[in-house]
Engineer: 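Sharing a structure with you now.
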Amino acid sequence: MPQCIAEPGLILQFCGWEDAGAIASASRHWAEDATFFADSERDLDFSSARRRVSDLLASCVVRRRARLECADFSGCRGITDGAVEALAAGCPELRILSLRRCDGITDAGLRALAVGCPKLQQLDLYQCDSITDFGVRAAAAGCPRLISLDFGACSGVRLDATVGFVAERCPDLQHLGLGMCDRLTDAALDYVAKNCINLQRLDLQGCSKVTDMGVSALAECCPSLERINLEACYRITDASVLALASRDGRGLLQLGLDRCHRVTDRSLMVVAESSPHLEALSLCGCEGLTDLTLQAVAEHCPYLKVLHLDRCSRITDSSLGAVCRSCPLLESISLMSCSLLTDASMRCVEQHCMQLRVLRVHLCSRMSGEGAQALVQAKQKAIFCF
């Protein structure tokens with residue numbers, strides 16, 4: 001019986017990266033052949049095949065992509081410093097790189113990146129648990145053109161001085177992710193405020209040592225700051241929110257204050273009044289929030305798309321209805337454990353929120369299953385989690 005031996009290239013051209021990764025792992029020859037079927041000369045996205053991507057496949061693919069500008073390895077836990085070193089050696093034009101949740105990457109990979117990719121502008125290192133302060137410093141020193149850097153949830157990054165080093169070496173930063181860096185203090189924010197005056201977006205989720213002093217420094221020195229996440233910054237009070245809302249300029253586009261128990265209507269009403277282009281507002285667990293804030297949002301924020309109010313037990317149908325009628329672009333509403341809301345809110349959502357895609361209302365004790373079911377039937381294209 002004659003044997004049929006398929007050329008690897010013939011197989012790979014009909015495969016996605018998920019299958020190509022499995023096939024290419026059979027031999028270096030097949031991995032080399034995969035280079036001819038990369039997404040494009042300038043863009044490479046491995047994120048959809050993260051379970052199959054290895055150093056071998058990644059290295060072979062990038063080896064012939066000297067013009068590569070954008071690479072996404074998000075969630076590729078099978079890669080190590082070898083893949084990053086291949087990028088650094090062969091892709092000097094690289095400008096955007098995501099290594100999000102690649103816990104096999106260490107400081108050695110970042111040192112190679114700093115040497116080989118000086119044009120890098122965006123670097124995502126979120127939850128890369130094997131890197132430390134030294135790796136982040138190396139990246140900042142070698143890539144001074146960075147405008148976006150995220151090293152949130154990197155358990156090995158602990159020092160305020162590291163944030164200071166990044167701020168001094170990369171003064172053009174517009175986005176900085178520090179979420180879950182729970183050892184950082186106001187000193188880190190002071191460094192950022194003094195050096196990164198063009199900052200537009202900042203994630204401080206879970207930075208529980210940050211106080212009003214640090215946030216106020218940012219508000220004073222970063223006039224372009226328009227997106228900020230302060231979730232679980234437990235020491236934050238109305239003073240921080242007022243400082244952000246009282247600046248001259250365009251106001252805020254996104255504000256996250258989940259679990260900031262000390263924030264009240266007093267500052268949130270000012271946010272609504274000063275931010276007419278507000279798109280996302282997340283206030284889950286803000287126990288001091290009442291209808292007054294939502295009435296201000298309804299009056300001043302017609303472009304709102306995201307409203308999350310879980311565990312805000314003092315809001316009523318009246319204020320939520322006002323928001324629904326005044327904010328026709330709403331796409332995501334979360335109202336879990338809002339105990340005063342009834343089916344009247346569901347009817348208002350159904351009538352006015354034509355763009356709705358996500359709605360969460362479980363544990364709302366005064367809502368009936370009938371009200372929710374009617375809304376599901378009316379919004380068949382929406383995604384619901386009750």
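Computation of the quantities below employed the complete heavy-atom set of this structure, encompassing side-chain atoms and omitting hydrogens, waters and symmetry-equivalent molecules.
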Engineer: Does any pair with a residue in residues 176-193 pass salt bridge (charged side-chain N to carboxylate O under 4.0 Å, His left out), and if so which ones, sequence neighbours excluded?
Structural biologist: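 Every pair satisfying salt bridge (charged side-chain N to carboxylate O under 4.0 Å, His left out) with a residue in residues 176-193: D190-K194.
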Engineer: Taking side chain as C-beta onward, heavy atoms only, is V361 less than 4.5 Å from L341?
Structural biologist: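 In short, these two side chains do not touch, never coming nearer than 4.5 Å.
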Engineer: Verify, without hydrogens or angle tests, whether S274 (side chain) and A245 (backbone) share a donor-acceptor contact under 3.5 angstrom.
Structural biologist: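 Yes; judged by distance alone, with no hydrogens or angles, the pair exists.
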Engineer: Is any side-chain heavy atom of H300 closer than 4.5 Å to one of P276?
Structural biologist: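 Result no, sub-4.5 Å side-chain heavy-atom pair not found.
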Engineer: Side chains of residues 217-227: which donor-acceptor pairs under 3.5 Å do they make with residues two or more places apart or in other chains?
Structural biologist:
residue	atom	partner	partner atom	Å
E226	OE1	R250	NH2	3.3

Engineer: Considering only distance and modelled atom types, tabulate donor-acceptor pairs under 3.5 Å from the side chains of residues 154-163, sequence neighbours left out.
Structural biologist:
residue	atom	partner	partner atom	Å
R158	NE	S155	O	3.4
D160	OD1	T185	N	2.9
D160	OD2	T185	OG1	2.5
T162	OG1	D133	OD1	2.6
T162	OG1	R137	NE	3.4

Engineer: Are the side chain of D81 and the backbone N or O of G109 linked by a donor-acceptor pair below 3.5 Å?
Structural biologist: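 Checked: pair present.
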Engineer: Using distance only, find each side-chain donor-acceptor pair of residues 165-180 under 3.5 Å and give its atom names and separation, not counting sequence neighbours.
Structural biologist:
residue	atom	partner	partner atom	Å
H175	ND1	S148	OG	2.8

Engineer: Using a side-chain heavy atom cutoff under 4.5 Å and only I, L, V, M, F, W and Y, what cluster partners does Y191 have?
Structural biologist: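 Direct or chained contacts put Y191 with none.
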Engineer: List the atom of C364, the atom of S337, and the distance in Å for their closest heavy-atom pair.
Structural biologist: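 Smallest interatomic distance, heavy atoms only, reads SG-N, 4.0 Å.
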Engineer: Are side-chain heavy atoms of V271 and L244 found at a separation under 4.5 Å?
Structural biologist: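 A side-chain contact is absent here, since even the closest heavy-atom pair is not under 4.5 Å.
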Engineer: Among the clusters formed by ILVMFWY side chains lying less than 4.5 Å apart, do L281 and L356 turn up in the same one?
Structural biologist: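 Yes, L281 and L356 fall within the same hydrophobic cluster.
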Engineer: Is L230 close to V263 at the side-chain level, that is, under 4.5 Å between some pair of heavy atoms?
Structural biologist: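 Result no, sub-4.5 Å side-chain heavy-atom pair not found.
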Engineer: Applying side-chain contact (heavy atoms from CB on, under 4.5 Å) to H308 and S332, what does each step give before you reach the verdict?
Structural biologist: CA-CA 8 Å; H308 292 174; S332 176; 3.0 Å; yes
Engineer: Are F73 and L146 linked, directly or through other ILVMFWY residues, by side chains that come within less than 4.5 angstrom of each other?
Structural biologist: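 Yes; L146 is reachable from F73 via cluster members.
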Engineer: For the side chain of S275 and the backbone of L252, is there at least one donor-acceptor N/O pair under 3.5 Å apart?
Structural biologist: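 Flag set: sc S275 to bb L252 pair under 3.5 Å.
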Engineer: After noting the C-alpha distance and the side-chain angles of F46 and L57, does the key distance pass the side-chain contact (heavy atoms from CB on, under 4.5 Å) rule?
Structural biologist: CA-CA 10 Å; F46 274 133; L57 177 61; 4.3 Å; yes
Engineer: Could you measure the distance from the OG atom of S98 to the CG atom of D45? Nearest 0.5 Å is fine.
Structural biologist: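 These two atoms lie 9.0 Å from each other.
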Engineer: May I have the step-by-step check of side chain to side chain donor-acceptor pair (under 3.5 Å) for Q121 and R145, ending in yes or no?
Structural biologist: CA-CA 5 Å; Q121 295 180 328; R145 301 184 186 182; over 6 Å; no
Engineer: Of the non-hydrogen atoms in C312 and C286, which two are nearest, and what is the gap between them?
Structural biologist: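 In terms of heavy atoms, the two residues are closest at SG-O, 3.9 Å.
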Engineer: Answer yes or no: is there a side-chain heavy-atom contact under 4.5 Å between D124 and L97?
Structural biologist: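 Of all side-chain heavy-atom pairs linking L97 with D124, none is under 4.5 Å.
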Engineer: Shortest non-hydrogen contact from A139 to A114?
Structural biologist: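 Closest pair (atom of A139, atom of A114, distance): CA-CB, 4.2 Å.
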Engineer: We want to know whether S345 and D317 form a side-chain donor-acceptor pair, criterion being a heavy-atom distance below 3.5 angstrom.
Structural biologist: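 Indeed, the side chains of S345 and D317 share at least one donor-acceptor pair under 3.5 Å.
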Engineer: With the 4.5 Å side-chain cut-off for hydrophobic clustering, are V192 and Y126 part of the same group?
Structural biologist: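 Each belongs to a different hydrophobic cluster.
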Engineer: Would a distance-only check, ignoring hydrogens and angles, find a side-chain to backbone donor-acceptor pair under 3.5 Å from H362 to M336?
Structural biologist: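 The answer is no, because no donor-acceptor pair under 3.5 Å joins these two groups.
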Engineer: Check whether any side-chain heavy atom of L68 lies under 4.5 Å from a side-chain heavy atom of L87, and answer yes or no.
Structural biologist: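 Of all side-chain heavy-atom pairs linking L87 with L68, at least one is under 4.5 Å.
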Engineer: Once rounded to the nearest 0.5 Å, what's the spacing between atom CG of L289 and atom CE of M269?
Structural biologist: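 The CE atom of M269 is 11.0 Å from CG of L289, to the nearest 0.5 Å.
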Engineer: Please tell me if the side chains of D150 and L125 come closer than 4.5 Å, counting only heavy atoms from C-beta onward.
Structural biologist: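 No. Closest side-chain heavy atoms not under 4.5 Å.
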Engineer: What's the verdict on side-chain contact (heavy atoms from CB on, under 4.5 Å) for L335 and L320, showing C-alpha distance, side-chain angles and the deciding distance?
Structural biologist: CA-CA 10 Å; L335 305 167; L320 183 64; 3.6 Å; yes
Engineer: What is the distance from atom OG of S319 to atom CG of L340, rounded to the nearest 0.5 Å?
Structural biologist: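 Between S319 OG and L340 CG, I get 9.5 Å after rounding to 0.5 Å.
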Engineer: If I compare all heavy atoms of S208 with all of R235, which pair ends up nearest, and what's the gap?
Structural biologist: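 Minimum heavy-atom separation between S208 and R235: O-NE, 3.4 Å.
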Engineer: Drop me the distance from C348's SG to R325's CZ, to the nearest 0.5 angstrom.
Structural biologist: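 C348 atom SG to R325 atom CZ measures 5.0 Å (nearest 0.5 Å).
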Engineer: What do the steps show when you test D238 against V270 for side-chain contact (heavy atoms from CB on, under 4.5 Å), and what is the final call?
Structural biologist: CA-CA 10 Å; D238 283 330; V270 178; over 6 Å; no
Engineer: Identify the heavy atoms of I236 and R262 that sit nearest to each other, and give their distance.
Structural biologist: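 Looks like O-CB, 3.3 Å.
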Engineer: Mark yes or no for whether R95, through its side chain, and E93, through its backbone, hold a donor-acceptor pair below 3.5 Å.
Structural biologist: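 Yes; judged by distance alone, with no hydrogens or angles, the pair exists.
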Engineer: Determine the minimum heavy-atom distance between C207 and C233, stating which atoms define it.
Structural biologist: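 In terms of heavy atoms, the two residues are closest at O-SG, 3.6 Å.
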Engineer: Quick check: is L189 connected to L242 through a chain of hydrophobic side chains (ILVMFWY, heavy atoms under 4.5 Å apart)?
Structural biologist: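 L242 does not cluster with L189.
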Engineer: To the nearest 0.5 Å, tell me how far L99 CG sits from Q127 CD.
Structural biologist: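 If I round to the nearest 0.5 Å, the distance is 13.5 Å.
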Engineer: Just distance, no hydrogens or angles: give the donor-acceptor pairs under 3.5 Å from side chains in residues 196-203, sequence neighbours left out.
Structural biologist:
residue	atom	partner	partner atom	Å
D203	OD1	Q205	N	3.0
D203	OD1	N229	ND2	3.3

Engineer: Is the side chain of D107 donor-acceptor paired with the backbone N or O of T132 at a distance under 3.5 Å, no angle test?
Structural biologist: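 Checking the backbone N and O of T132 against the side chain of D107, a donor-acceptor pair under 3.5 Å is found.
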Engineer: Given R67 and E69, is the salt bridge (Lys or Arg N to Asp or Glu O under 4.0 Å) satisfied, shown in steps?
Structural biologist: CA-CA 6 Å; R67 299 170 63 187; E69 296 180 0; over 6 Å; no
Engineer: Rounded to the nearest 0.5 Å, how far apart are CZ of R360 and CG of D310?
Structural biologist: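 If we round to the nearest 0.5 Å, R360:CZ and D310:CG are 7.5 Å apart.
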Engineer: Find out whether I79 and I105 are in side-chain contact, i.e. whether some heavy atom of one side chain is under 4.5 Å from a heavy atom of the other.
Structural biologist: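 Yes, close enough: below the 4.5 Å cut-off.
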